[in-house]
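The sequence lines fix the lettering, A, B, ..., with proteins before strands; numbering per chain opens at 1. Note that the coordinates shown come from a computational prediction; the quantities given were computed from them, not determined experimentally.
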Amino acid sequence: MRFRVSLIPTLKEAPVEAHTVSHRLMLRAGLIRPLGSGIYTWLPLGLKTLRKVENIVREEMDAAGAQEVLMPAVQPAELWRESGRWDHYGKELLRIRDRHEREFCFGPTHEEVITDLARRELKSYRQLPVNFYQIQTKFRDEIRPRFGIMRGREFLMKDAYSFDMDTAGLEVTYRSMYDTYGRIFRRCGLRFRPVEADTGSIGGSASHEFHVLASSGEDVIVSCSHCNYAANLEKAISAPLLAPPNPEGDAPMRLVETPGQKSIQEVSTFLKVETRRLIKTLVVEGDGQACLLLLRGDHELNPIKAAAALGVRNLVIPEGSRIAELTGGLPVGFIGPVQTDLPIVADYALEGTSGMACGGNAPDRHWIGVTLGRDLPTPRFADLHNVVQDDPCPRCGPGLLSLDRGIEVGHVFKLGDKYSKALGVSVLDPDGKERTPIMGCYGIGVSRIVAAAIEQNHDDNGIIWPVALAPFEVEILLANPNEPLALQTAEALYAELRSRGIGVLLDDRDERLGIKFKDADLLGCPLRVVAGGRALKEGKVELQIRRTGEAIPVEIPQATATILERLQTLLHAESKG
RNA sequence: CGGGGUGUGGCUCAGUCUGGUAGAGCACAGCGUUCGGGUCGCUGGGGUCGUGAGUUCGAAUCUCGCCACCCCGACCA
């Protein structure tokens with residue numbers, strides 16, 4: 001591609017509203033342009049990368065035996081009523097009406113459509129297992145789109161749906177998809193980690209997320225230093241924690257004055273008690289029922305675990321005024337589990353503790369020396385808190401857990417028969433009996449991968465594309481288009497590289513070299529070649545490596561071979577995951 | 001949806017408090033200069049100041065409504 005005649009509108013400054021690195025760089029490098037909140041046009045360069053991701057995904061899915069289909073983006077409401085999701089999906093579902101006032105939605109996902117196809121077409125166990133996938137534009141009317149492409153409303157997604165005769169079959173398919181995902185992200189040149197995940201609202205029995213590691217990631221993922229245990233924070237657990245030492249011994253509990261000391265930190269400092277020896281008491285309402293949750297002072301509540309422990313669908317942390325209503329007028333900060341009528345669930349970390357401090361259930365008072373089971377009835381225990389850095393691993397002895405940030409780019413689910421049952425898919429087994437196939441579903445955020453790759457691979461000057469995702473593997477900087485020898489050298493190299501199947505961008509603009517360097521840094525092609533200027537005087541071109549900044553003079557006849565070799569080396573180094 | 005913020009040439013912003021002839025830098029066009037890290041100079045084109053109403057002799061500026069976008073929380077690939 002020739003720069004001079006291409007739409008590559010680079011920007012010196014990014015619009016103020018873009019804060020995230022990938023969002024800014026995608027705008028500045030001229031990969032995308034916004035059209036509305038959370039919706040973007042992909043410009044030529046951005047689309048090149050998007051297609052590269054798409055092709056890697058397609059090749060690996062095909063290699064895994066999945067079959068590509070393309071389902072409608074617009075789906076009739078009827079189908080969604082059958083699965084029950086028309087009423088339950090909520091406002092993320094973009095609902096539309098046609099001229100006859102019939103209701104439709106713009107598909108945020110395609111379980112209904114694929115299951116409808118399955119019930120029409122799948123009749124026999126001989127047709128199973130099957131796995132269908134598509135690469136499709138989806139729309140989710142996010143409450144708050146942000147971070148550009150990373151969390152847009154319209155996005156490109158690969159979604160796959162498998163059908164097996166039984167759970168043993170699903171197990172095999174699931175494992176195959178899990179392995180395929182590893183291959184996909186390795187080929188993309190991304191550092192990633194698969195983690196155990198909560199199954200969330202989609203339902204199902206097991207699930208893994210694939211995260212691209214990046215300090216700017218929205219999600220926290222937990223992994224063991226010693227074994228391969230890894231989970232997202234919502235799901236991660238630790239081995240049982242030791243009770244903090246109790247210097248008070250068996251001393252009876254007593255009420256002390258703590259004027260104005262509300263927060264854990266304030267109480268800890270005021271009473272000279274470590275935060276892990278405080279009991280944090282939270283008032284929550286689950287499906288309308290109020291309850292006290294007890295955590296160690298140095299721990300944070302995990303609402304998903306709490307909702308599961310209470311067996312409720314919606315867990316609400318009420319506002320201060322509502323809390324006062326529920327506790328008979330107590331100010332937040334002095335609520336405690338001693339002498340209360342509210343039901344109590346305590347975190348496992350409090351099991352076996354003694355001599356703890358907690359709210360006094362009276363303004364400006366706290367209890368100290370409190371022991372569960374002695375000073376109040378032994379509560380029900382459950383896992384309620386987020387694991388913290390260096391907690392012991394639940395799977396292995398010596399391992400400690402560490403927390404990292406990640407961007408979720410893939411998700412695999414064992415769905416079970418939720419949709420196949422609701423929509424009535426059935427096939428005959430070898431004995432002629434009707435059976436409901438077991439489903440799995442497997443998503444990859446194709447457009448999100450583009451943003452995630454930038455989050456993980458950039459510097460102050462711009463993008464540093466992994467070879468596999470670069471819009472062009474090589475950019476040739478023609479130092480001066482008015483110098484015949486430079487022009488001839490650049491054109492010859494351009495033609496030769498292209499004939500070898502290498503993607504090349506030729507910066508043939510009549511601009512100063514400095515501008516071309518700046519733009520080349522921004523665009524992030526892994527290799528670039530300077531044709532002209534000082535190197536050419538010695539019969540050479542200068543090969544530059546974007547990631548390292550290395551500059552290597554190369555004899556012109558050797559240029560193509562050197563470039564091919566360097567690309568191979570980079571590609572190899574980057575595909576280790 | 002709740003809380004906070006912003007709308008002024010393509011981009012970044014000043015001007016708004018205190019009403020009085022719409023500005024700068026970048027980008028764009030032309031000329032010259034320069035030519036391995038966003039050269040320098042001159043000239044030029046481009047804005048009904050988000051939108052509707054109101055107050056006023058006069059509104060980018062004051063008042064009210066609406067719209068859009070961004071940031072912080074619950075959703076998810």
Side-chain angles (χ1 to χ4, degrees), chain A residues 9-20 23-24 27-28 30 33-39 53 57 89-93 108-110 135-160 181 197-198 200-202 207 209-212 218-219 232 234 303-304 307 314-317 319 406-413 441-452 461-462 477-483 486 509-522 528 530-537 542 544 549 551:
Chain A
T10 58
L11 258 27
K12 211 177 273 191
E13 294 173 286
V16 265
E17 61 266 20
H19 295 277
T20 316
H23 192 193
R24 294 179 67 83
L27 291 167
R28 286 192 54 210
R33 284 294 181 263
L35 183 63
S37 179
I39 51 182
V53 176
V57 170
Y89 204 88
K91 292 194 176 166
E92 280 70 41
L93 189 63
T109 177
H110 283 70
I135 296 173
Q136 239 278 22
T137 296
K138 313 255 183 196
F139 194 95
R140 292 186 191 167
D141 198 357
E142 297 274 348
I143 296 164
R144 186 156 85 84
R146 58 188 137 170
F147 309 143
I149 288 297
M150 196 115 81
R151 187 180 284 269
R153 291 194 293 175
E154 187 176 299
F155 56 100
L156 192 65
M157 180 174 171
K158 186 283 302 180
D159 49 329
Y181 274 34
D198 190 79
S201 55
I202 301 183
S207 125
E209 292 169 351
F210 288 75
H211 287 262
V212 166
E218 278 189 276
D219 296 311
N232 69 17
E234 293 171 354
I304 291 174
N314 290 311
L315 187 78
V316 184
I317 297 171
E319 294 183 8
I407 301 163
E408 186 188 353
V409 290
H411 205 158
V412 293
F413 271 99
C441 76
Y442 318 94
I444 287 183
V446 175
S447 46
R448 181 181 279 183
I449 284 178
V450 177
N461 297 316
L477 309 193
L478 172 53
N480 180 0
N482 301 317
E483 187 187 332
R509 291 175 299 171
D510 191 9
E511 292 284 1
R512 299 167 63 85
L513 229 205
I515 289 178
K516 298 186 181 186
F517 277 131
K518 287 289 185 191
D519 274 347
D521 284 345
L522 185 58
R528 69 182 176 224
V530 184
R534 64 190 182 211
L536 192 62
K537 292 195 180 76
E542 187 172 294
Q544 301 183 343

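Here the nucleotide nearest the side chain of A:R534, chosen from B:rC35, B:rG37, B:rG36, is B:rG36. Side-chain atoms of A:P15 lie closest to B:rC11 of the nucleotides B:rC11, B:rG36, B:rA77. The A:V530 side chain lies nearest to B:rG36 when the options are B:rA77, B:rG36, B:rU39. The side chain of A:R448 has B:rA77 as its nearest neighbour among B:rG37, B:rC35, B:rA77. Minimum atom distance to the side chain of A:D519 is reached by B:rG38, of the listed B:rC76, B:rG38, B:rC75. Nearest nucleotide to the side chain of A:L513, out of B:rC75, B:rG36, B:rG37: B:rG36. Of the candidates B:rA77, B:rG36, B:rC72, B:rC72 carries the atom nearest the A:R146 side chain, counting heavy atoms from C-beta on.
Base pairing analysis places B:rG65 opposite B:rU51; the two distances defining the Watson-Crick or G-U wobble pair are each below 3.5 Å. Remark: B:rU34 base-pairs with no nucleotide in the shown strands. Criterion, Watson-Crick or G-U wobble with two distances under 3.5 Å. Across the strands present, B:rC26 finds its partner in B:rG10; the criterion is a Watson-Crick or G-U wobble pair with both atom distances under 3.5 angstrom. Base pairing analysis places B:rG19 opposite nothing; no Watson-Crick or G-U wobble pair with both distances below 3.5 Å involves it. Taking a pair to require two hydrogen-bonding distances under 3.5 Å in either a Watson-Crick or a G-U wobble arrangement, B:rG46 remains unpaired. Across all strands shown, B:rG73 forms a Watson-Crick or G-U wobble pair with B:rC1, both key distances being under 3.5 Å.
In this structure, A:L11 places its CG atom 9 Å from P of B:rC11, rounding to the nearest Å. Atom NZ of A:K12 is separated from atom C1' of B:rG37 by 12 Å (rounded to the nearest Å). Put simply, CD on A:E511 is 15 Å from P on B:rG37, counting in whole angstrom units. Distance CD1 (A:I515) to P (B:rG36): 12 Å, rounded to an integer number of Å. With rounding to whole Å, A:R33 atom CZ is found 14 Å from B:rG10 atom P. Distance, A:D219 CG to B:rC75 C1': 12 Å, rounded to whole Å. In this entry the distance linking CZ of A:F413 with P of B:rC76 reads 9 Å, nearest Å. For the pair A:F139 CZ and B:rC76 P, the computed distance is 17 Å after rounding to whole Å.
Counting distance only, with no hydrogens placed and no angle test, the side-chain atoms of A:R151 and the base atoms of B:rC75 include a donor-acceptor pair under 3.5 Å. For A:R140 and B:rC75, a side-chain-to-base donor-acceptor distance below 3.5 Å is absent, hydrogens and geometry of angles not being considered.
Side-chain atoms of A:R33 come within 3.5 Å of backbone atoms of A:L27 as a donor-acceptor pair (strictly under, hydrogens ignored). In this structure a side-chain-to-backbone donor-acceptor pair under 3.5 Å is present from A:R153 to A:S37. Of the possible polar contacts, one joining the A:R28 side chain to the A:L11 backbone as a donor-acceptor pair under 3.5 Å is found. Remark: side-chain polar atoms of A:R448 are paired, donor with acceptor, to backbone N or O of A:E408 under 3.5 angstrom. In this structure a side-chain-to-backbone donor-acceptor pair under 3.5 Å is missing from A:S207 to A:F413. Between the side chain of A:K516 and the backbone N or O of A:L478, at least one donor-acceptor pair lies under 3.5 Å. With hydrogens and angles ignored, the 3.5 Å screen pairs a side-chain donor or acceptor of A:Y181 with a backbone N or O of A:Y442.
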For this session: Take A:Q544 and A:V530 through the side chain to side chain contact (heavy atoms under 4.5 Å, CB included) test and state the conclusion after the steps.
Result: CA-CA 8 Å; A:Q544 301 183 343; A:V530 184; 3.9 Å; yes
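Within 4.0 Å of A:G533, counting heavy atoms only, lies at least one base atom of the nucleic acid. A:E542 comes within 4.0 angstrom of a nucleotide base, judged by non-hydrogen atoms across all strands. Base contact: A:G152 has a heavy atom under 4.0 Å from a base atom.
Taking the C1' atoms as reference points, B:rG38 lies 29 Å from B:rA22, given to the whole Å. On the C1' atoms, B:rC76 is 47 Å away from B:rA29, given to the nearest whole Å. Atom P of B:rG4 sits at a distance of 50 Å from the matching atom of B:rG37, rounded to the whole Å. Taking atom C1' in both B:rU39 and B:rC17, the straight-line distance is 41 Å, to the nearest Å. Distance noted for atom C1' between B:rG15 and B:rG20: 14 Å (whole Å). Spacing between B:rU33 and B:rC69 at atom C1', rounded to whole Å, works out to 42 Å. Comparing B:rA60 with B:rG19, their P atoms are spaced 13 Å from each other, to the whole Å. Using atom P as the reference point in both B:rG46 and B:rG9, the two lie 15 Å apart (nearest Å).
The aromatic ring of A:F517 is not stacked on the base of B:rG36, since the criterion of ring centres less than 5.5 Å apart with planes inclined by under 30° is not met.
The nearest heavy atom of RNA chain B to A:A14 and to A:Q544 marks one nucleotide each, and the one closer to the 5' end goes with A:A14. Place A:R28 and A:T20 on RNA chain B by their nearest nucleotides, and A:R28 ends up nearer the 5' end.
Within the structure, every side-chain polar atom (N or O) of A:R528 is placed at least 4.0 Å from both OP1 and OP2 of B:rG37. For the pair A:S37 and B:rA68, the criterion of a side-chain N or O lying under 4.0 Å from OP1 or OP2 is not met.
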